[in-house]
Number of protein chains: 2
Amino acid sequence: MNRISESDTKTLILDAAEQAFADLGFDSASLRHIISVAGVNLAAVHYHFGSKEALIEAVFSRRLTPLNKERLKLLDQLEAEAGKSPLNVEKVIGVLIGPALRLARDPGKGGPVVMRLFGRTIAEPSEQLQKLMHGQFGDVIRRFTAAFRCALPGLPEDVLYWRIQFVIGAMAHIMCDPTGLKTMSGGLCDPNDTEKAISEMVTFLATGMRAEVSKRRKK
Amino acid sequence: MNRISESDTKTLILDAAEQAFADLGFDSASLRHIISVAGVNLAAVHYHFGSKEALIEAVFSRRLTPLNKERLKLLDQLEAEAGKSPLNVEKVIGVLIGPALRLARDPGKGGPVVMRLFGRTIAEPSEQLQKLMHGQFGDVIRRFTAAFRCALPGLPEDVLYWRIQFVIGAMAHIMCDPTGLKTMSGGLCDPNDTEKAISEMVTFLATGMRAEVSKRRKK
DNA sequence: GTGCGATTCAAACGAACGTTTGAACTTATC
DNA sequence: GATAAGTTCAAACGTTCGTTTGAATCGCAC
(Lines give C-alpha, C1' and ligand atoms only; values in the text may rest on other atoms or scores of the structure.)
Protein backbone atom coordinates (compact mmCIF):
# COMPACT_ATOMS: atom_id res chain seq x y z
CA MET A 1 0.00 0.00 0.00
CA ASN A 2 1.38 3.33 -0.97
CA ARG A 3 0.41 5.46 1.98
CA ILE A 4 1.86 8.73 0.72
CA SER A 5 0.18 8.76 -2.68
CA GLU A 6 -3.13 7.51 -1.28
CA SER A 7 -3.09 10.24 1.28
CA ASP A 8 -2.14 12.73 -1.40
CA THR A 9 -5.00 11.94 -3.74
CA LYS A 10 -7.48 11.79 -0.90
CA THR A 11 -6.32 15.13 0.46
CA LEU A 12 -6.31 16.74 -2.98
CA ILE A 13 -9.92 15.67 -3.42
CA LEU A 14 -10.95 16.81 0.05
CA ASP A 15 -9.33 20.22 -0.44
CA ALA A 16 -10.89 20.80 -3.85
CA ALA A 17 -14.25 19.52 -2.64
CA GLU A 18 -14.51 21.74 0.40
CA GLN A 19 -13.59 24.76 -1.70
CA ALA A 20 -16.19 23.85 -4.32
CA PHE A 21 -18.89 23.08 -1.76
CA ALA A 22 -18.29 26.42 -0.05
CA ASP A 23 -18.34 28.37 -3.30
CA LEU A 24 -21.11 26.63 -5.20
CA GLY A 25 -23.14 24.66 -2.68
CA PHE A 26 -23.25 20.90 -2.29
CA ASP A 27 -25.54 20.21 -5.21
CA SER A 28 -24.09 22.61 -7.75
CA ALA A 29 -20.53 21.50 -7.15
CA SER A 30 -20.07 18.55 -9.49
CA LEU A 31 -17.53 15.77 -9.09
CA ARG A 32 -16.14 16.66 -12.49
CA HIS A 33 -15.42 20.18 -11.33
CA ILE A 34 -13.82 18.92 -8.15
CA ILE A 35 -11.53 16.39 -9.81
CA SER A 36 -10.42 18.90 -12.44
CA VAL A 37 -9.34 21.32 -9.71
CA ALA A 38 -7.72 18.51 -7.74
CA GLY A 39 -6.00 17.19 -10.86
CA VAL A 40 -7.06 13.60 -10.28
CA ASN A 41 -9.16 11.05 -12.12
CA LEU A 42 -12.94 10.99 -11.82
CA ALA A 43 -13.03 7.41 -10.60
CA ALA A 44 -10.67 8.26 -7.75
CA VAL A 45 -13.55 9.84 -5.87
CA HIS A 46 -15.49 6.59 -5.80
CA TYR A 47 -12.39 4.54 -5.17
CA HIS A 48 -11.41 6.53 -2.08
CA PHE A 49 -14.79 7.65 -0.77
CA GLY A 50 -17.47 5.48 -2.37
CA SER A 51 -19.96 8.13 -3.40
CA LYS A 52 -20.51 11.87 -3.55
CA GLU A 53 -22.61 11.63 -0.40
CA ALA A 54 -19.76 9.93 1.44
CA LEU A 55 -17.35 12.57 0.14
CA ILE A 56 -19.53 15.29 1.62
CA GLU A 57 -19.46 13.53 4.96
CA ALA A 58 -15.68 13.15 4.79
CA VAL A 59 -15.22 16.82 3.95
CA PHE A 60 -17.33 17.63 6.96
CA SER A 61 -15.87 15.33 9.56
CA ARG A 62 -12.30 16.30 8.75
CA ARG A 63 -12.97 19.87 9.91
CA LEU A 64 -15.99 19.71 12.20
CA THR A 65 -14.81 16.96 14.54
CA PRO A 66 -11.63 18.78 15.66
CA LEU A 67 -13.53 22.06 15.91
CA ASN A 68 -16.14 20.63 18.24
CA LYS A 69 -13.52 18.79 20.24
CA GLU A 70 -11.72 22.08 20.80
CA ARG A 71 -14.94 23.77 21.87
CA LEU A 72 -15.72 21.09 24.41
CA LYS A 73 -12.16 21.09 25.73
CA LEU A 74 -12.28 24.85 26.27
CA LEU A 75 -15.67 24.52 27.93
CA ASP A 76 -14.27 21.85 30.26
CA GLN A 77 -11.48 24.23 31.22
CA LEU A 78 -13.96 27.03 31.80
CA GLU A 79 -16.09 24.89 34.07
CA ALA A 80 -13.05 23.66 35.97
CA GLU A 81 -11.85 27.22 36.56
CA ALA A 82 -15.25 28.38 37.71
CA GLY A 83 -15.62 25.57 40.23
CA LYS A 84 -19.02 25.86 41.86
CA SER A 85 -19.64 29.51 41.02
CA PRO A 86 -21.76 30.41 38.01
CA LEU A 87 -20.03 30.62 34.64
CA ASN A 88 -19.31 33.93 32.97
CA VAL A 89 -21.60 34.53 29.97
CA GLU A 90 -18.98 36.36 27.95
CA LYS A 91 -16.57 33.48 28.37
CA VAL A 92 -19.14 30.85 27.40
CA ILE A 93 -19.97 32.76 24.21
CA GLY A 94 -16.29 33.26 23.51
CA VAL A 95 -15.71 29.52 23.74
CA LEU A 96 -18.67 28.79 21.47
CA ILE A 97 -17.89 31.25 18.68
CA GLY A 98 -14.14 31.82 19.10
CA PRO A 99 -12.87 28.52 17.70
CA ALA A 100 -15.31 28.77 14.79
CA LEU A 101 -14.29 32.27 13.77
CA ARG A 102 -10.61 31.55 14.31
CA LEU A 103 -10.90 28.81 11.68
CA ALA A 104 -10.56 31.57 9.11
CA ARG A 105 -7.14 32.47 10.45
CA ASP A 106 -5.70 28.99 10.51
CA PRO A 107 -5.02 27.46 7.07
CA GLY A 108 -4.23 24.18 8.81
CA LYS A 109 -7.85 23.98 9.93
CA GLY A 110 -9.20 25.00 6.54
CA GLY A 111 -9.07 28.79 6.56
CA PRO A 112 -11.89 31.07 5.43
CA VAL A 113 -13.25 28.43 3.08
CA VAL A 114 -14.21 26.10 5.89
CA MET A 115 -15.69 28.92 7.91
CA ARG A 116 -18.01 29.81 5.04
CA LEU A 117 -18.81 26.15 4.50
CA PHE A 118 -19.95 25.68 8.09
CA GLY A 119 -21.88 28.94 8.10
CA ARG A 120 -23.84 28.01 5.02
CA THR A 121 -24.54 24.47 6.12
CA ILE A 122 -26.57 25.65 9.10
CA ALA A 123 -29.19 26.92 6.64
CA GLU A 124 -28.90 24.03 4.17
CA PRO A 125 -32.23 22.41 3.26
CA SER A 126 -30.79 18.98 2.37
CA GLU A 127 -31.94 16.33 4.79
CA GLN A 128 -28.62 14.51 4.70
CA LEU A 129 -26.71 17.61 5.79
CA GLN A 130 -29.26 18.51 8.42
CA LYS A 131 -28.77 15.10 10.01
CA LEU A 132 -25.00 15.33 9.68
CA MET A 133 -24.98 18.76 11.31
CA HIS A 134 -27.39 17.80 14.06
CA GLY A 135 -25.45 14.64 14.79
CA GLN A 136 -22.11 16.40 15.13
CA PHE A 137 -23.32 19.72 16.48
CA GLY A 138 -26.22 18.55 18.65
CA ASP A 139 -24.06 17.36 21.51
CA VAL A 140 -22.11 20.60 21.49
CA ILE A 141 -25.30 22.64 21.66
CA ARG A 142 -26.57 20.52 24.54
CA ARG A 143 -23.37 21.07 26.50
CA PHE A 144 -23.47 24.81 25.81
CA THR A 145 -27.13 25.02 26.73
CA ALA A 146 -26.25 23.62 30.13
CA ALA A 147 -23.39 26.09 30.40
CA PHE A 148 -25.65 29.03 29.59
CA ARG A 149 -28.22 27.79 32.08
CA CYS A 150 -25.50 27.75 34.72
CA ALA A 151 -24.30 31.21 33.74
CA LEU A 152 -27.81 32.73 33.77
CA PRO A 153 -29.61 31.07 36.69
CA GLY A 154 -32.61 33.41 36.68
CA LEU A 155 -33.52 32.99 33.01
CA PRO A 156 -36.75 31.08 32.24
CA GLU A 157 -36.06 27.88 30.35
CA ASP A 158 -37.93 28.80 27.16
CA VAL A 159 -36.28 32.22 26.96
CA LEU A 160 -32.92 30.47 27.27
CA TYR A 161 -33.62 28.34 24.21
CA TRP A 162 -34.85 31.29 22.17
CA ARG A 163 -31.74 33.31 22.95
CA ILE A 164 -29.35 30.47 22.15
CA GLN A 165 -30.92 30.31 18.70
CA PHE A 166 -30.22 34.03 18.25
CA VAL A 167 -26.58 33.45 19.20
CA ILE A 168 -26.24 30.61 16.70
CA GLY A 169 -27.92 32.66 13.99
CA ALA A 170 -25.65 35.65 14.46
CA MET A 171 -22.59 33.41 14.46
CA ALA A 172 -23.68 31.50 11.35
CA HIS A 173 -24.40 34.67 9.42
CA ILE A 174 -21.01 36.22 10.13
CA MET A 175 -19.39 32.92 9.18
CA CYS A 176 -21.19 32.40 5.90
CA ASP A 177 -21.02 35.90 4.50
CA PRO A 178 -17.97 37.70 5.89
CA THR A 179 -17.56 39.95 2.83
CA GLY A 180 -21.12 41.25 2.98
CA LEU A 181 -20.24 43.25 6.07
CA LYS A 182 -17.27 44.89 4.36
CA THR A 183 -19.41 45.84 1.36
CA MET A 184 -22.26 47.19 3.45
CA SER A 185 -20.01 49.25 5.70
CA GLY A 186 -18.15 50.73 2.74
CA GLY A 187 -14.92 49.11 3.85
CA LEU A 188 -15.20 50.45 7.39
CA CYS A 189 -15.50 47.00 8.97
CA ASP A 190 -12.85 44.37 8.30
CA PRO A 191 -14.26 40.85 8.59
CA ASN A 192 -10.72 39.46 8.47
CA ASP A 193 -9.99 41.04 11.84
CA THR A 194 -11.05 37.91 13.65
CA GLU A 195 -10.39 39.12 17.18
CA LYS A 196 -12.38 42.29 16.57
CA ALA A 197 -15.26 40.19 15.26
CA ILE A 198 -15.16 37.93 18.31
CA SER A 199 -14.97 40.90 20.65
CA GLU A 200 -17.95 42.65 19.03
CA MET A 201 -20.00 39.47 18.97
CA VAL A 202 -19.27 38.63 22.60
CA THR A 203 -20.27 42.10 23.77
CA PHE A 204 -23.48 42.17 21.73
CA LEU A 205 -24.58 38.62 22.42
CA ALA A 206 -23.68 38.48 26.11
CA THR A 207 -25.59 41.70 26.73
CA GLY A 208 -28.58 40.30 24.86
CA MET A 209 -28.34 37.09 26.85
CA ARG A 210 -28.55 39.07 30.08
CA ALA A 211 -31.45 41.22 28.90
CA GLU A 212 -34.35 41.58 31.30
CA VAL A 213 -37.06 39.08 30.47
CA SER A 214 -39.82 40.84 28.54
CA LYS A 215 -43.10 41.25 30.37
CA ARG A 216 -45.16 39.36 27.78
CA ARG A 217 -44.71 36.09 29.74
CA LYS A 218 -46.97 33.04 29.53
CA LYS A 219 -47.97 32.53 25.97
CA MET B 1 -56.12 36.80 -24.24
CA ASN B 2 -57.37 34.49 -21.56
CA ARG B 3 -56.35 36.33 -18.43
CA ILE B 4 -57.84 33.91 -15.95
CA SER B 5 -56.23 30.74 -17.24
CA GLU B 6 -52.91 32.49 -17.83
CA SER B 7 -52.96 33.77 -14.33
CA ASP B 8 -54.00 30.35 -13.08
CA THR B 9 -51.17 28.45 -14.69
CA LYS B 10 -48.67 31.10 -13.73
CA THR B 11 -49.83 31.07 -10.12
CA LEU B 12 -49.86 27.29 -9.96
CA ILE B 13 -46.25 27.25 -11.12
CA LEU B 14 -45.21 30.02 -8.74
CA ASP B 15 -46.84 28.26 -5.78
CA ALA B 16 -45.30 24.89 -6.55
CA ALA B 17 -41.93 26.47 -7.28
CA GLU B 18 -41.65 28.41 -4.05
CA GLN B 19 -42.59 25.33 -2.06
CA ALA B 20 -40.01 23.24 -3.92
CA PHE B 21 -37.29 25.88 -3.63
CA ALA B 22 -37.88 26.20 0.09
CA ASP B 23 -37.87 22.43 0.65
CA LEU B 24 -35.10 21.33 -1.69
CA GLY B 25 -33.07 24.42 -2.56
CA PHE B 26 -32.93 26.22 -5.86
CA ASP B 27 -30.66 23.78 -7.62
CA SER B 28 -32.11 20.53 -6.38
CA ALA B 29 -35.69 21.50 -7.16
CA SER B 30 -36.16 20.47 -10.79
CA LEU B 31 -38.68 21.94 -13.18
CA ARG B 32 -40.10 18.47 -13.67
CA HIS B 33 -40.81 18.19 -9.97
CA ILE B 34 -42.39 21.62 -9.91
CA ILE B 35 -44.68 21.06 -12.88
CA SER B 36 -45.80 17.69 -11.60
CA VAL B 37 -46.89 19.29 -8.32
CA ALA B 38 -48.49 22.19 -10.15
CA GLY B 39 -50.23 19.83 -12.56
CA VAL B 40 -49.15 21.72 -15.66
CA ASN B 41 -47.07 21.00 -18.71
CA LEU B 42 -43.28 21.27 -18.65
CA ALA B 43 -43.16 23.77 -21.50
CA ALA B 44 -45.51 26.09 -19.61
CA VAL B 45 -42.62 27.20 -17.44
CA HIS B 46 -40.68 28.52 -20.40
CA TYR B 47 -43.79 29.91 -22.07
CA HIS B 48 -44.74 31.99 -19.03
CA PHE B 49 -41.36 32.77 -17.51
CA GLY B 50 -38.67 32.10 -20.12
CA SER B 51 -36.20 30.11 -18.06
CA LYS B 52 -35.65 28.55 -14.66
CA GLU B 53 -33.54 31.52 -13.66
CA ALA B 54 -36.36 33.90 -14.53
CA LEU B 55 -38.79 31.69 -12.61
CA ILE B 56 -36.62 32.01 -9.52
CA GLU B 57 -36.67 35.77 -9.87
CA ALA B 58 -40.43 35.77 -10.30
CA VAL B 59 -40.93 33.60 -7.21
CA PHE B 60 -38.80 36.04 -5.30
CA SER B 61 -40.24 39.33 -6.46
CA ARG B 62 -43.81 38.23 -5.87
CA ARG B 63 -43.14 37.94 -2.13
CA LEU B 64 -40.13 40.10 -1.39
CA THR B 65 -41.30 43.31 -3.04
CA PRO B 66 -44.48 43.67 -0.94
CA LEU B 67 -42.58 42.64 2.19
CA ASN B 68 -39.96 45.33 1.78
CA LYS B 69 -42.61 47.90 0.83
CA GLU B 70 -44.38 47.14 4.09
CA ARG B 71 -41.17 47.49 6.07
CA LEU B 72 -40.38 50.86 4.54
CA LYS B 73 -43.95 52.09 5.05
CA LEU B 74 -43.83 51.15 8.74
CA LEU B 75 -40.43 52.80 9.06
CA ASP B 76 -41.84 55.97 7.50
CA GLN B 77 -44.63 55.94 10.05
CA LEU B 78 -42.16 55.42 12.87
CA GLU B 79 -40.02 58.34 11.76
CA ALA B 80 -43.07 60.55 11.34
CA GLU B 81 -44.28 59.73 14.85
CA ALA B 82 -40.86 60.35 16.38
CA GLY B 83 -40.49 63.74 14.73
CA LYS B 84 -37.10 65.14 15.60
CA SER B 85 -36.49 62.98 18.67
CA PRO B 86 -34.34 59.83 18.34
CA LEU B 87 -36.07 56.65 17.26
CA ASN B 88 -36.80 53.84 19.67
CA VAL B 89 -34.51 50.86 19.08
CA GLU B 90 -37.13 48.28 20.01
CA LYS B 91 -39.56 49.75 17.50
CA VAL B 92 -36.99 49.87 14.70
CA ILE B 93 -36.15 46.20 15.24
CA GLY B 94 -39.83 45.36 15.43
CA VAL B 95 -40.42 47.00 12.07
CA LEU B 96 -37.45 45.17 10.54
CA ILE B 97 -38.23 41.67 11.74
CA GLY B 98 -41.97 41.82 12.43
CA PRO B 99 -43.25 41.80 8.85
CA ALA B 100 -40.82 39.02 7.96
CA LEU B 101 -41.83 36.73 10.81
CA ARG B 102 -45.52 37.50 10.34
CA LEU B 103 -45.23 36.12 6.81
CA ALA B 104 -45.57 32.71 8.39
CA ARG B 105 -48.97 33.62 9.74
CA ASP B 106 -50.42 34.99 6.52
CA PRO B 107 -51.12 32.42 3.81
CA GLY B 108 -51.90 35.28 1.44
CA LYS B 109 -48.28 36.38 1.68
CA GLY B 110 -46.93 32.87 1.32
CA GLY B 111 -47.06 31.44 4.82
CA PRO B 112 -44.25 29.50 6.50
CA VAL B 113 -42.89 28.33 3.16
CA VAL B 114 -41.93 31.83 2.09
CA MET B 115 -40.44 32.60 5.46
CA ARG B 116 -38.14 29.60 5.20
CA LEU B 117 -37.33 30.50 1.60
CA PHE B 118 -36.18 33.99 2.55
CA GLY B 119 -34.26 32.77 5.56
CA ARG B 120 -32.31 30.26 3.53
CA THR B 121 -31.59 32.62 0.67
CA ILE B 122 -29.57 34.93 2.89
CA ALA B 123 -26.96 32.16 3.14
CA GLU B 124 -27.25 30.98 -0.48
CA PRO B 125 -23.93 30.74 -2.31
CA SER B 126 -25.35 31.24 -5.82
CA GLU B 127 -24.19 34.50 -7.33
CA GLN B 128 -27.51 35.12 -9.05
CA LEU B 129 -29.41 34.96 -5.77
CA GLN B 130 -26.85 37.03 -3.91
CA LYS B 131 -27.34 39.81 -6.47
CA LEU B 132 -31.10 39.43 -6.39
CA MET B 133 -31.14 39.60 -2.62
CA HIS B 134 -28.71 42.51 -2.43
CA GLY B 135 -30.65 44.40 -5.06
CA GLN B 136 -33.99 44.06 -3.33
CA PHE B 137 -32.78 44.03 0.27
CA GLY B 138 -29.88 46.46 -0.01
CA ASP B 139 -32.05 49.57 -0.02
CA VAL B 140 -34.00 48.32 2.96
CA ILE B 141 -30.82 47.72 4.92
CA ARG B 142 -29.53 51.18 4.03
CA ARG B 143 -32.75 52.78 5.31
CA PHE B 144 -32.65 50.73 8.51
CA THR B 145 -28.99 51.49 9.07
CA ALA B 146 -29.88 55.17 9.07
CA ALA B 147 -32.74 54.47 11.45
CA PHE B 148 -30.46 52.59 13.87
CA ARG B 149 -27.90 55.37 13.66
CA CYS B 150 -30.61 57.83 14.64
CA ALA B 151 -31.80 55.60 17.45
CA LEU B 152 -28.31 55.05 18.87
CA PRO B 153 -26.50 58.36 18.46
CA GLY B 154 -23.51 57.47 20.61
CA LEU B 155 -22.59 54.24 18.83
CA PRO B 156 -19.38 54.25 16.75
CA GLU B 157 -20.07 53.73 13.08
CA ASP B 158 -18.19 50.43 12.72
CA VAL B 159 -19.85 48.93 15.78
CA LEU B 160 -23.21 49.89 14.30
CA TYR B 161 -22.51 47.87 11.15
CA TRP B 162 -21.29 44.85 13.10
CA ARG B 163 -24.39 44.81 15.27
CA ILE B 164 -26.78 45.16 12.33
CA GLN B 165 -25.20 42.03 10.87
CA PHE B 166 -25.90 40.20 14.14
CA VAL B 167 -29.54 41.29 13.96
CA ILE B 168 -29.87 40.07 10.38
CA GLY B 169 -28.21 36.78 11.24
CA ALA B 170 -30.48 36.07 14.19
CA MET B 171 -33.54 36.92 12.11
CA ALA B 172 -32.43 34.79 9.16
CA HIS B 173 -31.73 31.77 11.35
CA ILE B 174 -35.12 31.85 13.05
CA MET B 175 -36.74 32.23 9.64
CA CYS B 176 -34.93 29.41 7.90
CA ASP B 177 -35.12 26.76 10.59
CA PRO B 178 -38.16 27.36 12.80
CA THR B 179 -38.57 23.68 13.71
CA GLY B 180 -35.01 23.33 14.96
CA LEU B 181 -35.90 25.40 17.99
CA LYS B 182 -38.84 23.19 18.84
CA THR B 183 -36.71 20.06 18.58
CA MET B 184 -33.87 21.48 20.63
CA SER B 185 -36.10 22.75 23.40
CA GLY B 186 -37.96 19.45 23.60
CA GLY B 187 -41.20 21.12 22.55
CA LEU B 188 -40.93 23.86 25.15
CA CYS B 189 -40.64 26.64 22.57
CA ASP B 190 -43.29 27.05 19.90
CA PRO B 191 -41.87 28.66 16.76
CA ASN B 192 -45.41 29.09 15.43
CA ASP B 193 -46.13 31.59 18.17
CA THR B 194 -45.06 34.46 15.97
CA GLU B 195 -45.74 37.25 18.43
CA LYS B 196 -43.74 35.48 21.13
CA ALA B 197 -40.87 35.08 18.69
CA ILE B 198 -40.96 38.76 17.77
CA SER B 199 -41.14 39.79 21.41
CA GLU B 200 -38.17 37.61 22.40
CA MET B 201 -36.11 38.78 19.45
CA VAL B 202 -36.85 42.45 20.05
CA THR B 203 -35.84 42.19 23.71
CA PHE B 204 -32.63 40.31 23.00
CA LEU B 205 -31.52 42.30 19.97
CA ALA B 206 -32.43 45.76 21.26
CA THR B 207 -30.52 45.09 24.47
CA GLY B 208 -27.54 43.91 22.46
CA MET B 209 -27.78 46.97 20.25
CA ARG B 210 -27.57 49.19 23.31
CA ALA B 211 -24.66 47.29 24.86
CA GLU B 212 -21.76 49.36 26.09
CA VAL B 213 -19.06 49.53 23.46
CA SER B 214 -16.29 47.09 24.36
CA LYS B 215 -13.03 48.63 25.46
CA ARG B 216 -10.97 46.97 22.75
CA ARG B 217 -11.41 50.01 20.45
CA LYS B 218 -9.15 50.99 17.57
CA LYS B 219 -8.20 47.91 15.67
C1' DG C 1 -68.46 29.23 -38.23
C1' DT C 2 -64.30 31.07 -39.66
C1' DG C 3 -59.90 33.01 -38.54
C1' DC C 4 -56.40 34.16 -35.32
C1' DG C 5 -53.67 34.91 -31.37
C1' DA C 6 -52.98 32.78 -26.84
C1' DT C 7 -52.11 28.72 -24.51
C1' DT C 8 -51.25 23.74 -23.81
C1' DC C 9 -49.30 19.47 -25.01
C1' DA C 10 -46.23 15.21 -26.03
C1' DA C 11 -41.92 14.44 -27.70
C1' DA C 12 -37.42 15.12 -28.43
C1' DC C 13 -32.79 17.75 -28.00
C1' DG C 14 -27.95 18.00 -26.32
C1' DA C 15 -25.48 18.54 -22.15
C1' DA C 16 -24.16 17.34 -17.63
C1' DC C 17 -24.70 14.50 -13.81
C1' DG C 18 -23.13 10.33 -10.45
C1' DT C 19 -21.58 5.92 -11.10
C1' DT C 20 -19.40 1.62 -13.05
C1' DT C 21 -16.14 -1.05 -15.65
C1' DG C 22 -11.99 -3.33 -16.95
C1' DA C 23 -7.57 -2.60 -18.39
C1' DA C 24 -3.05 -0.28 -17.33
C1' DC C 25 0.14 1.10 -14.12
C1' DT C 26 2.75 1.29 -9.60
C1' DT C 27 4.72 -0.57 -5.54
C1' DA C 28 6.05 -3.91 -2.11
C1' DT C 29 7.22 -9.02 -1.20
C1' DC C 30 9.40 -13.08 -2.22
C1' DG D 1 11.86 -11.06 -12.35
C1' DA D 2 7.29 -13.05 -11.10
C1' DT D 3 3.17 -12.41 -8.07
C1' DA D 4 -0.32 -9.86 -6.06
C1' DA D 5 -2.48 -6.05 -4.01
C1' DG D 6 -3.18 -1.09 -4.31
C1' DT D 7 -4.02 2.69 -7.24
C1' DT D 8 -4.89 5.31 -11.51
C1' DC D 9 -6.90 5.82 -15.91
C1' DA D 10 -10.01 6.53 -20.25
C1' DA D 11 -14.29 5.27 -21.63
C1' DA D 12 -18.77 4.30 -21.26
C1' DC D 13 -23.24 3.48 -18.55
C1' DG D 14 -28.08 5.03 -17.70
C1' DT D 15 -30.51 8.99 -15.76
C1' DT D 16 -31.91 13.50 -15.23
C1' DC D 17 -31.44 18.13 -16.23
C1' DG D 18 -33.10 22.78 -18.70
C1' DT D 19 -34.61 23.87 -23.06
C1' DT D 20 -36.76 23.66 -27.76
C1' DT D 21 -40.03 22.30 -31.25
C1' DG D 22 -44.23 21.95 -33.86
C1' DA D 23 -48.64 20.34 -33.73
C1' DA D 24 -53.07 20.43 -31.11
C1' DT D 25 -56.36 22.99 -28.51
C1' DC D 26 -58.73 26.83 -26.64
C1' DG D 27 -61.37 31.45 -26.48
C1' DC D 28 -62.98 35.25 -28.54
C1' DA D 29 -63.78 38.85 -32.54
C1' DC D 30 -65.84 39.32 -36.85
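Just so it is clear, the model here is predicted, and its values are computed rather than measured.
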F204(A): which of V159(B), T207(B), V167(B) passes side chain to side chain contact (heavy atoms under 4.5 Å, CB included):
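Exactly one pass, corresponding to V167(B).
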Could you tell me the separation between the [atom1] atom of [X] and the [atom2] atom of [N], rounded to a whole number of Å?
X: L24(B); N: dC17(D); atom1: CG; atom2: P; answer: 11 Å
X: Y47(A); N: dT26(C); atom1: OH; atom2: P; answer: 15 Å
X: H33(B); N: dG18(D); atom1: NE2; atom2: C1'; answer: 16 Å
X: K10(B); N: dA6(C); atom1: NZ; atom2: P; answer: 13 Å
X: F49(B); N: dG18(D); atom1: CZ; atom2: C1'; answer: 16 Å
X: D8(B); N: dT8(C); atom1: CG; atom2: C1'; answer: 14 Å
X: F26(B); N: dC17(D); atom1: CZ; atom2: C1'; answer: 18 Å
X: I34(A); N: dA16(C); atom1: CD1; atom2: C1'; answer: 14 Å

Presence of [X] side-chain N/O under 4.0 Å of [N] phosphate oxygens OP1/OP2:
X: T9(B); N: dT8(C); value: yes
X: S30(A); N: dC17(C); value: yes
X: H48(B); N: dT8(C); value: yes

So, [X] side chain and [Y] main chain: donor-acceptor pair closer than 3.5 Å or not?
X: T203(A); Y: S199(A); result: yes
X: R105(A); Y: N192(A); result: yes
X: H173(B); Y: I168(A); result: no
X: R120(A); Y: A22(A); result: yes
X: Q130(B); Y: E124(B); result: yes
X: K52(B); Y: F26(B); result: yes

Under 3.5 Å, which N/O atoms of the protein pair with N/O atoms of nucleotides 19-25 of chain D?
from, atom 1, to, atom 2, distance (Å)
dT19(D), OP2, H46(B), NE2, 2.9
dT19(D), OP2, K52(B), N, 2.8
dT19(D), O5', H46(B), NE2, 3.2

